[in-house]
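Just below is one structure, and these are the notes that go with it.
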Amino acid sequence: MNILLLGATGSIGKSVLSVIEQNKSSLNLFGIALNKNTLESNKIIHSFSPAFVYIENKDAFEKQKKIDKTTFLNGDSELKDLINHEDVDVIVCAISGFAGLKATHLAASSGKRILLANKESIVSGGDLILPIAKENKSEIIPIDSEHNAIFQCLSGERTTDDVKKIIITASGGPFLNKKLSDLRDVTKKDALNHPNWKMGSKVSIDSATLVNKCLELIEAKYLFDLEEKYFELVVHPQSIVHSIVTYIDGSSICQLSMPDMRVPIAHALSNKSRLPIDFNSIDFSSLSLTFQEFPKDREKIQEIARIVCNKGGHLGTIFNAANEVAVESFLKEEISFEKIYEVIYRTFDDNEVSKDISIESINEVDAQTRNHAKKVVKSIA
Ligand code: MG
């Protein structure tokens, strides 16, 4: 199976490469796409010999040295051609943030199987991407761990009409059991220090604020085509139960694994039979699983996510852009941790209800929202 990995040099990209490495007889890295980390991509080329390497950043592309048997690409039309290349079987969308929308949008019209890790592209552009994918018969398989768990819990079922409730679990992040008012002085290092998962900086901060779970609620609403009222967010500190589906007959089905992104990736990359990987087994004899309610003082942010689910339009674009600016500003140490929420609250405007969604309108609303959010950052920094 020929894989095109978009976002090869990021955290998810590394996990995908590890699964491919362990299944070389059935999986082939056909091509990769990256922004500009050519130091890392040259290592990948050395180990996996992909036929095509797309480099988004023009400077990095121009500085790239020639390598035998590898074709280097740059520019939107070459990205489009690579995504639609007849030898590509599976496209992995592993770019972090809104930056991944362009590639996910192109992949949606390819008619190929898409393994989706880029939740921001669905939050920002769900009303655009999902219909395009459906029309072009591009199958989307989630590799966000919670969504992959839901996907596995639903497989074999005839219809989601039998679903009573879906519980999306949250680890609680590095500030589990801390009140928002206790988080005034936390540093960037504290916030990046996730107890269970090793991830990129954007999702680590989202996990610390719990905004990640709100983005995942919106992502789930689109991917499983169910109203937000079916989804409940629950804190599960051990990150072993990755989500739970409860059916109308009282059965609940969940998916368990140690926290390791290669598990959902291996599932999504499998065809009829599962792919073997080396993994840490759960020690069931000493296992203790606990669950607790989503923190009350973070309800307001969950409420915004539910408004986005119900109203759609460009509200997801606004929510996502406000959060991305807030997280970037926190990582640059321009604002304190708790002000991430303030930037989102002051930027989010649920009066924007245009239903006329296009890639152009999403890009425009995203740019406008970023400008607005940056002004908010300046005013409260
Ligand atoms: Mg997740």
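Each ligand, and each atom within it, is numbered from 1 in the order the structure gives. Both backbone and side-chain heavy atoms feed into the values below; hydrogens, waters and symmetry mates do not. Since we're looking at a predicted model, the values are computed, not measured.
Distances from the Mg ion (ligand 1) to each N, O or S atom of Glu146 single out OE1 as the nearest. When distances from the Mg ion (ligand 1) to the N, O or S atoms of Asp144 are compared, OD1 comes out shortest. Summary: OE2 is the N/O/S atom of Glu216 found nearest to the Mg ion (ligand 1).
Under 3.5 Å, the side chains of Asn323 and Asp206 contain a donor-acceptor pair of N or O atoms.
For the pair Leu192 and Leu331, the minimum side-chain heavy-atom distance is below 4.5 Å.
Cation-pi check for Lys24 over Phe48 is met; the charged atom lies under 6.0 angstrom from the ring centroid and within 45 degrees of its normal. In this structure, Lys213 fails the cation-pi test against Phe294, since its NZ or CZ atom is not both closer than 6.0 Å to the six-membered ring centre and inside 45 degrees of the ring normal.
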